[in-house]
Amino acid sequence: MITREVEVETPDARLEGELTTFPGATGVVAFAHGSGSSRHSPRNRAVARELHGSGIATLLFDLLTPEEERIDADTAQQRFDIDLLTGRLTGAVDWLATDEEAAGLPVGLFGASTGAAAALRTAAERPRRVLAVVSRGGRPDLAGTEALQTVRAPVLLVVGGADPEVLRLNEDAADRLGAPHRIHVVPRATHLFEEPGALEEVADAASDWFVDRMGKPE
């Protein structure tokens, strides 16, 4: 397994990232982090480790530039700019197709919080590249009805059972999804899945979802 620091080039920015690949990988999952987070998110990194064990490569990267992160820390505006986040994530999917190690691998998207909306919009924009989507405690409703109805990649919506408002929003978004989908409720888990065993259940569910669609290494 090789992990290397990369610079993800998108149409409007160069973003710091970390690409982990290995021989025999069946796919690569790009992570779209949520509010106030970055490629260093411990929750996303825990899920990434589970995916590595299942034979799936990962791309963890910053959706915002350092300057944008500083502004967002004060205003919280960029983290809710779904158009901006979608452009960055779609750019990352296109960038993966140019990387020597990742080119040709099926792509999955893992979105948390507002990153889930960006993941769904990107899936709608790149139907031939994106094979599956997983949302963790996400806001898929922010993707908008048009994108939700356009997505064709299977979608797994993971929500905490003790996060009723987000669960309601996910159920509403699921009703508008045009793709195969399932809601996975983690019992007694709150929004950040900090309860014992909750994040492990998220990682297991995400791994199973991607493996079912990308296959296992030979």
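Values reported hereafter were calculated over all heavy atoms of this structure, with side chains retained and with hydrogens, waters and symmetry mates removed. Position 1 is the first residue of the sequence, and the numbers go up from there.
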(request) Decide yes or no for Phe210 and Leu131: does some side-chain heavy atom of the first lie under 4.5 Å from some side-chain heavy atom of the second? (result) no

(message) Same cluster or not: Val166 versus Val185, using hydrophobic residues (I, L, V, M, F, W, Y) connected whenever any side-chain heavy atoms lie under 4.5 Å apart?
(response) yes

(request) Determine yes or no for a side-chain-to-main-chain donor-acceptor pair under 3.5 angstrom, with Thr90 supplying the side chain and Gly87 the backbone. (result) no

(message) Measuring from atom CG of Leu177 to atom CZ of Arg182, what distance do you get when rounded to the nearest 0.5 angstrom?
(response) 13.5 Å

(message) If the threshold is 4.0 Å, N to carboxylate O, is there a salt bridge linking Glu171 and Arg168?
(response) no

(request) Starting from the C-alpha separation in whole Å, work towards a yes-or-no answer on side-chain hydrogen bond (donor to acceptor under 3.5 Å, both in side chains) for Glu165 and His191. (result) CA-CA 10 Å; Glu165 179 61 17; His191 186 61; over 6 Å; no

(message) Would you say Arg139 and Thr114 are linked by a side-chain donor-acceptor pair, where the criterion is simply a distance under 3.5 Å?
(response) no

(request) Look only at the side chain of Glu50 and the backbone of Val47, and say whether a donor-acceptor pair between them is shorter than 3.5 Å. (result) no

(request) Indicate yes or no: does Arg126 engage Asp94 in a salt bridge with an N to O separation below 4.0 Å. (result) yes

(request) Would you confirm whether Arg14, through its side chain, and Thr10, through its main-chain N or O, come within 3.5 Å as a donor-acceptor pair? (result) no

(message) Using modelled atom types and a 3.5 Å cut-off, is there a donor and acceptor pairing between side-chain atoms of Arg136 and backbone atoms of Val134?
(response) no

(message) Using every non-hydrogen atom in the two residues, find where Leu157 and Pro140 come nearest and quote the distance to one decimal.
(response) CD2-CG, 4.1 Å

(request) Mind listing the closest non-hydrogen atom pair of Ala116 and Gly138 along with its distance? (result) CB-CA, 3.7 Å

(message) Let's go through Val28 and Ile56 carefully: what are the C-alpha distance in whole Å and the side-chain angles of both, what is the deciding distance for side-chain contact (heavy atoms from CB on, under 4.5 Å) to 0.1 Å, and is it a yes or a no?
(response) CA-CA 6 Å; Val28 57; Ile56 298 172; 5.7 Å; no

(message) Would you say that Phe22 contacts Glu101 through its side chain, given a criterion of any heavy-atom pair below 4.5 Å between the two side chains?
(response) no

(request) Taking the side chain as every heavy atom from C-beta outward, state whether Leu109 and Leu89 have any atom pair closer than 4.5 Å. (result) yes

(message) For Asp163 and Arg188: C-alpha separation, side-chain torsions, deciding distance, then whether salt bridge (Lys or Arg N to Asp or Glu O under 4.0 Å) applies.
(response) CA-CA 8 Å; Asp163 193 10; Arg188 297 177 296 281; over 6 Å; no

(request) Report yes if the side chains of Pro187 and Glu201 come closer than 4.5 Å at any heavy-atom pair, otherwise no. (result) yes

(request) Give the C-alpha distance, both sets of side-chain angles, the deciding distance and a yes or no for side-chain contact (heavy atoms from CB on, under 4.5 Å) between Thr98 and Leu96. (result) CA-CA 5 Å; Thr98 71; Leu96 282 168; over 6 Å; no

(request) Have a look at Glu18 and tell me which of Thr58, Leu60, Val6 forms a side chain to side chain contact (heavy atoms under 4.5 Å, CB included) with it. (result) Leu60

(message) To the nearest 0.5 Å, what is the distance between CG on Asp141 and CG on Leu148?
(response) 8.0 Å

(message) Side-chain heavy atoms nearer than 4.5 Å, only ILVMFWY residues, links allowed to pass through others: does that put Val107 and Met214 together?
(response) no

(message) For a quick test of reading the model, state the closest non-hydrogen atom pair linking Val133 to Ala153 and the distance between them.
(response) CG2-CB, 4.4 Å

(message) Less than 3.5 Å apart, any donor N or O on the side chain of Ser54 or Ser207 sitting next to an acceptor on the other?
(response) yes

(request) Give the minimum heavy-atom separation between Pro154 and Arg213, together with the two atoms involved. (result) CB-NE, 3.3 Å

(request) Hey, could you give me the CG/CG distance between Leu169 and Leu142, rounded to the nearest 0.5 Å? (result) 8.0 Å

(message) We want to know whether Glu195 and Thr190 form a side-chain donor-acceptor pair, criterion being a heavy-atom distance below 3.5 angstrom.
(response) yes

(message) Has His181 got a side-chain atom pairing as donor or acceptor with Ala179's backbone, closer than 3.5 angstrom?
(response) yes

(message) So that I can tick it off, tell me whether Glu194 and Arg43 are bridged by a salt bridge, with the cut-off set at under 4.0 angstrom between side-chain N and carboxylate O.
(response) yes

(message) Would you say that Thr65 contacts Leu15 through its side chain, given a criterion of any heavy-atom pair below 4.5 Å between the two side chains?
(response) yes

(request) Determine whether Val158 and Val186 make a side-chain contact, defined as any pair of heavy atoms from C-beta on separated by less than 4.5 Å. (result) yes

(message) In this structure, would Val130 and Leu51 fall into the same cluster of hydrophobic residues linked by side-chain contacts under 4.5 Å?
(response) no

(request) Group every Ile, Leu, Val, Met, Phe, Trp and Tyr by side-chain heavy-atom contacts under 4.5 Å, then state whether Leu199 and Phe31 land in the same group. (result) yes

(message) Between the side chains of Asp62 and Arg88, is the shortest nitrogen-to-carboxylate-oxygen separation below 4.0 Å, so that they form an ion pair?
(response) no

(message) Testing the basics here: between Phe110 and Asn44, what is the closest heavy-atom pair and its distance to 0.1 Å?
(response) CE2-OD1, 3.5 Å

(message) Please determine whether residues Val93 and Leu120 belong to a single hydrophobic cluster, defined as Ile, Leu, Val, Met, Phe, Trp and Tyr linked transitively by side-chain heavy-atom distances below 4.5 Å.
(response) yes

(request) Would you check if the side chain of Arg121 reaches a backbone N or O of Ala143 as a donor-acceptor pair within less than 3.5 Å? (result) yes

(message) Could you report the tightest heavy-atom contact between Thr145 and Arg176, atom names first, then the distance?
(response) OG1-NH1, 2.6 Å

(message) Are the side chains of Asn170 and Ser135 in contact, using a 4.5 Å heavy-atom criterion?
(response) yes

(message) Walk me through whether Leu64 and Leu84 qualify under side-chain contact (heavy atoms from CB on, under 4.5 Å).
(response) CA-CA 9 Å; Leu64 303 178; Leu84 173 66; 3.9 Å; yes

(message) Just checking Glu7: does its CD atom have more than 12 heavy atoms from other residues, nucleotides or ligands closer to it than 6.0 angstrom?
(response) yes

(request) List the steps and the verdict of side-chain contact (heavy atoms from CB on, under 4.5 Å) for His33 and Arg39. (result) CA-CA 7 Å; His33 54 75; Arg39 69 185 186 279; 5.7 Å; no

(message) In the structure I gave you, are the side-chain heavy atoms of Ile183 and Leu167 within less than 4.5 Å of one another anywhere?
(response) yes

